[in-house]
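Down below is the structure, laid out as structure tokens.
Predicted model, so just to flag it, every value in this text is computed and none were measured. Protein chains get the first letters and strands the later ones, always in sequence-line order, with residue 1 at the start of each.
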Amino acid sequence: MHAYPPPVLPASFYQRHSLTVARDLLGCRLVRRLPDGAVLSGRIVETEAYTPDDPSCHAHRGESPRARSMFQAGGIAYVYLIYGMYHCLNVVTQAASQGAAVLIRAIEPLDGVDRMADARGISSVRDLARGPGRLCQSFQIDRALDGTCITATDCPLWIQSGEPLPDVVVAQTPRIGINVSPAAIAAPWRLIVRENGFVSGTSRQNQGQSYTPTPDWFDRL
DNA sequence: TATATGATCCCCT
DNA sequence: GGGGATCATATAA
């Protein structure tokens, strides 16, 4: 049982440690209003946490034109282009000037499935948003949304709270595509909903440990 | 200015 | 499970 309509996650939700935000975003609903008014949404099933002391974090080497949004206070979007062809959606976390974010890697499509399929040029619902590049293509997210507010329903993008997920449903694994330092490679900062078919990665990559919110997470890097 | 690389995806085998 | 597409960005010279 939860309040209806589900509350939009406020800035205070994002202005916490990236790992905590990444964990709590699972099960929440990502909502996108397109320029023509159409609404898309999906349940977040996969996230990754990035913090400034992590060498794989885009903010690690200080502020840059690409990652400047990460240095704003939590509660806005950070969108960047990767491999010259795909976009990735992050939510900025923690306090201003820190440089932290959570990458949203996959959602389970809910509203606007047909529009997502049109944008992707495919029909398989499972493949619409299984991976960060696919998600952005389905939701029509690009650099135009970088730095935009995500804490109100008059924003182009926002997130609504969902049914809280118990820890047993959440697994933690190493992040995908990280190749900088042994510590960054090993850090289990990718969070997924267990046995959810809309999570990206191979079955091997999804063999994670049970989620254990121990304090030593915060000192892994 | 020049070069290497990447928080990826898709198609091929 | 391996390689190509494709280019903004970072870093070096």
- request: Would you classify N90(A) as touching base, sugar-phosphate or nothing, given that sugar-phosphate means primed atoms plus P, OP1 and OP2, and contacts are heavy atoms under 4.0 Å?
  value: base
- request: Indicate for each nucleotide in nucleotides 2-13 of chain C, in 5' to 3' sequence, whether protein heavy atoms under 4.0 Å reach the base (B), only the sugar-phosphate (S), or nothing (-).
  value: ---BBBSSSS--
- request: Please check if V199(A) and I104(A) belong to a single hydrophobic cluster, counting links between Ile, Leu, Val, Met, Phe, Trp and Tyr side chain heavy atoms closer than 4.5 Å.
  value: yes
message: Assess whether a salt bridge exists between D111(A) and R32(A), defined as any Lys/Arg side-chain N lying under 4.0 Å from an Asp/Glu carboxylate O.
response: no
- line: Applying the Watson-Crick and G-U criteria (both distances under 3.5 angstrom) with [ ] for crossing and | for other-strand pairs, one obtains for DNA chain B ||||||.|||||.
Rounded distance in Å - CD1 (I185(A)) to C1' (dA7(B)): 13 Å
query: Just checking I176(A): base, sugar-phosphate only, or nothing, at a heavy-atom cut-off of under 4.0 Å?
result: sugar-phosphate
field: All salt bridge (charged side-chain N to carboxylate O under 4.0 Å, His left out) counterparts of R66(A), not counting sequence neighbours
entry: none
message: Without decimals, in angstroms, what is the distance between R175(A) CZ and dT8(B) C1'?
response: 16 Å
Compile the donor-acceptor pairs under 3.5 Å between side chains in residues 75-88 of chain A and protein atoms, sequence neighbours left out, one pair per line.
{"unit_1": "Y78(A)", "atom_1": "OH", "unit_2": "H58(A)", "atom_2": "ND1", "d": "2.8"}

task: Would you kindly give the NE2-to-P distance between H60(A) and dT5(B), to the nearest whole Å?
output: 18 Å
field: Contact list for DNA chain B against residues 120-135 of chain A - heavy-atom distance below 4.0 Å
entry: R120(A), G131(A), P132(A), G133(A), R134(A)
message: For D127(A) versus R134(A), what's the shortest heavy-atom pair and its separation?
response: O-CD, 3.7 Å
Please list, for nucleotides 11-13 of chain B, all pairs of protein and nucleotide N/O atoms separated by less than 3.5 Å.
none

- prompt: Below 4.0 angstrom, N of the basic side chain to O of the carboxylate: do R143(A) and D146(A) qualify?
  reply: yes
message: Measure CG/D54(A) against P/dG6(B) and give the value in whole Å, please.
response: 14 Å
query: NA contact type, R105(A), heavy-atom cut-off 4.0 Å: base, sugar-phosphate, or nothing?
result: sugar-phosphate
task: Could you say whether the aromatic ring of Y80(A) and the base of dA7(B) stack, counting only centre distances under 5.5 Å and plane angles under 30°?
output: no
task: Could you tell me whether R175(A) sits above the aromatic face of Y50(A), with NZ or CZ closer than 6.0 angstrom to the six-membered ring centre and within 45 degrees of the axis?
output: yes
